[in-house]
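Heads up: the structure comes next, in structure tokens.
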2 protein chains.
Amino acid sequence: MTLDVKTLCLGVLTQGEASGYDIKKQFEQVFSYFYVASFGSIYPALTQLAREGLVVCREESQPNRPDRKVYALTEAGRERLLATLQATPPRHRIRSEFYALLHFAHLLPARRVGELIDERLSDVNRTIEEIENMLARLGAEDCGLEPGQRFEVELALHTLRAHRDFIQKNGPALAREAQANTSSDLQYSGT
Amino acid sequence: MTLDVKTLCLGVLTQGEASGYDIKKQFEQVFSYFYVASFGSIYPALTQLAREGLVVCREESQPNRPDRKVYALTEAGRERLLATLQATPPRHRIRSEFYALLHFAHLLPARRVGELIDERLSDVNRTIEEIENMLARLGAEDCGLEPGQRFEVELALHTLRAHRDFIQKNGPALAREAQANTSSDLQYSGT
DNA sequence: GACAACATGTAATAGGTTACATGATTTA
DNA sequence: TAAATCATGTAACCTATTACATGTTGTC
């Protein structure tokens, strides 16, 4: 079984009512480094959850703003969430173009390899910063994290930093090596 | 742009001819920790690549074995592969039920949290071992890795070990904390 | 006698993404 | 006046998974 957008929506709603728009923001701010979801999947998910009686919807009109549909978890929804969380195996998959490109780096011009390293490095740094900012924000607002959430975030930070440190230490050597290869054989006709 | 099965198949074929069955094994042995693909995607991919003239197919009958279709990269296929590798941004996404479950650990019974930690730990250890075995196998056969591949594998190992070490060090405390929570409130009626 | 490895393929289904459509208000 | 934020939704598409169908040989 895989955790789908519907289940994650139920999860977000345990923290209180929210609109589809709100939930999207939660996904971006809280789940983004291990789960992505777009409006195109969130809105249909909420519609379906409402049809199944797992959430209820209340329409709210606001001055100078579009109407919003605010969803709240029902008891059935809470039960379904718990049952799903119980039954879901803790998988952890990576889909990485970065690793794949490294695997075929010898087919690429040296400059490209250097760029890949740099781009990955700035991506990782951005992710790390985002998580640190989230922690700072939560600290300031004093809305404490649950122990599991603290563990989750610290594990992610620890892992990401190790990933970054390795690239920072060994990336430049790889780029140089690629440079040496490229200039000495014919696979790339640059210059 | 995303690296799809078709492109990865072209990549595998740069190392020489292979059947769909061979390619599946390569995926399992080499890509498994950052990319998964099943027969249901590999066979159609090869058919399509052949239609596009990016690979050629030769049917080979074997004694006491089913026939195999052996595919080889064409010049057009090699060019297409290089162009795709040039144009593909080095993304790196994680889809993790494990992180998601941690995020909602406070809704789960303590035992379950402990199991999640243990299961993740043995998964990571298995992955690490597989990579180490692959390295040992390659070392024995003396078919050296390209520099990019060595970097890729070492980065993966380094990252996975950091991930594992954090869980090993802090996981037990989380399980204990969950235990304390569960026994003092009503969210779980076990025992 | 059952299961794993060898070998290929299809069809139904799942689970998303992207782009589009709509439209007000605030900010630069 | 251009762009961002707020706000919802649909339709076309993509990509891959799962399960099924088929059959032999070798191993436990």
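Numbers restart at 1 for each chain; the letters A, B, ... are given by sequence-line order, proteins then strands.
Phosphate proximity of C:dG16 to A:Tyr35: present, with a side-chain N or O under 4.0 Å from OP1 or OP2. Taking 4.0 angstrom as the limit, B:Gln62 places a side-chain polar atom (N or O) nearer than this to OP1 or OP2 of C:dA7. At the phosphate of D:dT5, neither OP1 nor OP2 sits under 4.0 Å from any side-chain N or O atom of A:Arg65. Phosphate proximity of D:dT17 to B:Ser41: present, with a side-chain N or O under 4.0 Å from OP1 or OP2.
Nearest heavy atoms, A:Leu3 versus B:Ala100: CD1-CB, 3.4 Å. When all heavy atoms of A:Arg112 and A:Leu108 are compared, the pair lying nearest together is CG-CD1, 3.9 Å.
In this model, no donor atom of one side chain and acceptor atom of the other lie less than 3.5 Å apart for A:Ser122 and A:Asn125. A donor-acceptor contact closer than 3.5 angstrom is absent between the side chains of B:Arg95 and A:His92. Side-chain atoms of A:Thr7 and A:Arg80 include no donor-acceptor pair closer than 3.5 Å.
The separation between B:Gln48 atom CD and C:dG9 atom C1' is 15 Å, rounded to whole Å. D:dT8 atom P lies 12 Å from atom CZ of A:Arg58, rounded to whole Å. The distance between atom NZ of A:Lys6 and atom C1' of C:dG16, rounded to the nearest whole Å, is 14 Å. Taking atom CZ of B:Arg95 as the reference point, atom P of D:dT17 lies 13 Å away to the nearest angstrom. Following rounding to the nearest Å, A:Arg68 (CZ) and D:dT5 (C1') show an atom-to-atom distance of 13 Å. Straight-line distance from the CZ atom of B:Arg51 to the C1' atom of C:dG9: 14 Å, rounded to whole Å. Atom CZ of B:Phe31 and atom P of D:dA16 are 13 Å apart (whole Å). Atom CG of A:Asp4 and atom P of D:dT17 are 17 Å apart (whole Å).
With D:dG9, D:dA16, D:dC6 as the choices, the nucleotide that has an atom nearest any side-chain atom of A:Tyr43 turns out to be D:dG9. Listed nucleotides: C:dT17, D:dG9, C:dT8. Nearest to the side chain of B:Phe39: C:dT8. Closest to the side chain of B:Ser38, from the set D:dT18, D:dA7, C:dT8, is D:dT18.
Across all strands, A:Ser19 comes closer than 4.0 Å only to sugar-phosphate atoms, never to a base (heavy-atom distances). Contacts of B:Gly40 with the nucleic acid, taken as non-hydrogen atoms under 4.0 Å apart, include base atoms.
Residue-to-nucleotide proximity on DNA chain D shows that, of A:Lys69 and B:Ala37, the 5′-proximal contact is made by A:Lys69. Each of A:Pro66 and B:Thr47 lies near DNA chain C, and the nucleotide nearest B:Thr47 is the one positioned closer to the 5' end.
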